[in-house]
Amino acid sequence: MDDARRFGVLDRGELPAEWDQGELEALVPGQAERIARLREADPAFAAFYERAVRGLHLARDPADLKERVVTLLGRERGIVSRRLEALPTLPVEERKRHGRALNLIKQWLAEVEAGRRAALEHAAEVREALDVTLPGRRPWVGHAHVLAQIRDELLDLFHGLGYSVYTSPEVEHDEYNFAKLNFPPDHPARDAHDTYFVGPEVLLRTHTSPGWVRAMEEHRPPLRLVFPGRVYRAEQVDASHMDQFHQIDGLCVDRDVSLADLKGTLNTFAHSIYGPRVRTRIIPIYFPFVEPGAQLDVAGAICDGTGRTAGGRCPVCKGSGWSELLGAGMVHPNVFRAVGYDPVEVTGFAFGMGLERIAMARYGIPEIRLFLENDLRFLSQF
Ligand code: DAH
């Protein structure tokens with residue numbers, strides 16, 4: 001070793017032994033010939049060069065490569081550079097032989113370095129490259145809630161029948177929710193409309209019918225309006241009762257509006273919702289704000305009117321074969337009086353339906369609470 005240094009011979013022992021793990025021919029071909037040529041000058045040069053080439057091949061990244069090159073060719077402390085500097089101290093003969101070999105080594109190692117740098121850069125590019133064959137991630141697309149879908153479908157239908165949308169407050173005066181709709185103060189009809197009070201006379205509306213009163217107070221007939229919205233009742237919550245749900249009321253007021261107009265409208269509606277073959281019936285029932293009052297039933301949507309399904313009693317119609325679809329009737333003269341209309345001059349009909357009930361009957365949904373739970377396993381089915 002001392003000899004080698006003195007004579008400017010390269011010693012592979014100055015390079016880490018692990019460098020030998022690298023490949024020889026991977027970066028620049030023809031190394032065997034180069035090594036043979038160096039061996040003629042001195043076997044130590046050849047051995048050093050070989051380890052150096054293998055070591056450069058092992059560089060993991062550009063920074064590592066740089067470090068290895070500095071060890072070999074660095075201007076100040078690179079092993080090869082120092083040997084070149086020491087040349088003048090050698091006898092003339094050796095100086096020539098060593099000089100030629102050292103310059104070849106310097107030049108060839110620079111080539112190998114360039115080869116390794118190109119390979120590393122290429123690998124980095126491949127790693128970062130955009131793989132256009134990779135399937136993209138689809139953006140998550142939501143959709144309207146099943147109740148919103150039904151609401152929109154109904155509004156669309158009534159729009160086609162000439163109805164406009166009127167929205168009225170969810171927090172309502174007792175007067176509009178009850179009194180002007182002909183609920184006398186202590187009438188038992190109020191029992192079915194127990195609700196949450198915000199103040200002595202202010203409550204969460206129990207139906208969308210108060211909208212009629214507001215609309216009629218604002219406008220003169222003829223009127224054809226639908227009133228969609230959320231309503232509240234202080235219900236004991238169970239599979240078919242919630243303390244909030246959704247309704248759409250409808251109101252048609254003009255001269256000479258008759259019960260026949262109501263029947264025609266309701267049948268159009270039922271057929272549009274349940275298909276043209278569904279059987280309907282209208283039976284009399286009491287609501288304070290209509291006279292006569294009626295209920296529209298449809299033959300069981302899932303049991304086809306038989307009251308029975310494969311599992312036994314039909315869960316939607318509860319065995320009766322008929323499901324109540326909505327309430328309706330001819331607007332009560334007292335309601336017209338309350339809004340300043342002359343009940344002799346104008347007549348009208350109204351109807352009101354619950355959206356949850358329609359959705360449950362149409363899709364056979366057994367549990368009303370599902371609508372509000374926001375469970376995507378349920379919601380994404382519609
Ligand atoms: N508002 C009534 C309720 O929620 C339903 C109703 C019945 C609405 C008859 C109407 C109607 O428009 O004419 O119980």
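In what follows, every heavy atom counts, from backbone to side chain, and hydrogens, waters and symmetry copies are set aside. In each ligand, atom 1 is the first atom listed, and ligand 1 is the first ligand listed.
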Check: Checking ring pair (Phe, Tyr, Trp, His ring centres under 6.0 Å) for the pair W212/F289: CA distance, chi angles, key distance, verdict?
Finding: CA-CA 11 Å; W212 324 349; F289 32 87; 5.5 Å; yes
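- Both L102 and L15 sit in one connected hydrophobic cluster of ILVMFWY residues. Membership requires side-chain heavy atoms under 4.5 Å apart, directly or through other members.
- If you look at F158 and F351, their ring centroids are closer than 6.0 Å.
- When ring centroids are compared, H207 and F245 stay outside the 6.0 Å threshold.
- In this structure, Y232 has its ring center no closer than 6.0 Å to that of Y196.
- No hydrogens or angles considered: nothing links the side chains of T347 and D256 as a donor-acceptor pair under 3.5 Å.
- Close approach of ligand 1 to R233 is summarised as follows: ligand atoms under 4.0 Å from at least one heavy atom of the residue are 3 (C), 4 (O), 14 (O).
- A salt bridge does not link R54 to E25: none of the charged side-chain nitrogens sits closer than 4.0 Å to a carboxylate oxygen.
- For ligand 1, the atoms closer than 4.0 angstrom to any heavy atom of V290 are 13 (O).
- Applying the 4.0 Å criterion to heavy atoms of F287 picks out, from ligand 1, the atoms 7 (C), 9 (C).
- At a 4.0 Å heavy-atom cut-off, ligand 1 touches W212 through the side chain alone.
- The aromatic ring centres of F45 and H98 sit less than 6.0 Å apart.
- Between M353 and ligand 1 there is no heavy-atom distance shorter than 4.0 Å.
- At least one N/O-N/O distance between F351 and ligand 1 falls below 3.5 Å.
- Using a 4.0 Å cut-off to heavy atoms of G327, the atoms of ligand 1 that qualify are 7 (C), 9 (C), 10 (C), 11 (C).
- Checking only distances, T206 never comes within under 3.5 Å of ligand 1, N or O to N or O.
- Considering both main-chain and side-chain atoms, A350 comes within under 3.5 Å of ligand 1 through a nitrogen or oxygen pair.
- Those atoms of ligand 1 that come under 4.0 Å of a heavy atom in Q247, given as number and element, are 3 (C), 4 (O).
- Residue-ligand proximity, G329 to ligand 1, at heavy-atom distances under 4.0 Å covers atoms 13 (O).
- Looking only at protein heavy atoms, the nearest one to atom 6 (C) of ligand 1 is F289 CE1, 3.8 Å.
- Contact analysis leaves Q295 out of contact with ligand 1, as no non-hydrogen atom separation drops below 4.0 angstrom.
- Between F183 and H193, the distance separating the two ring centers is shorter than 6.0 angstrom.
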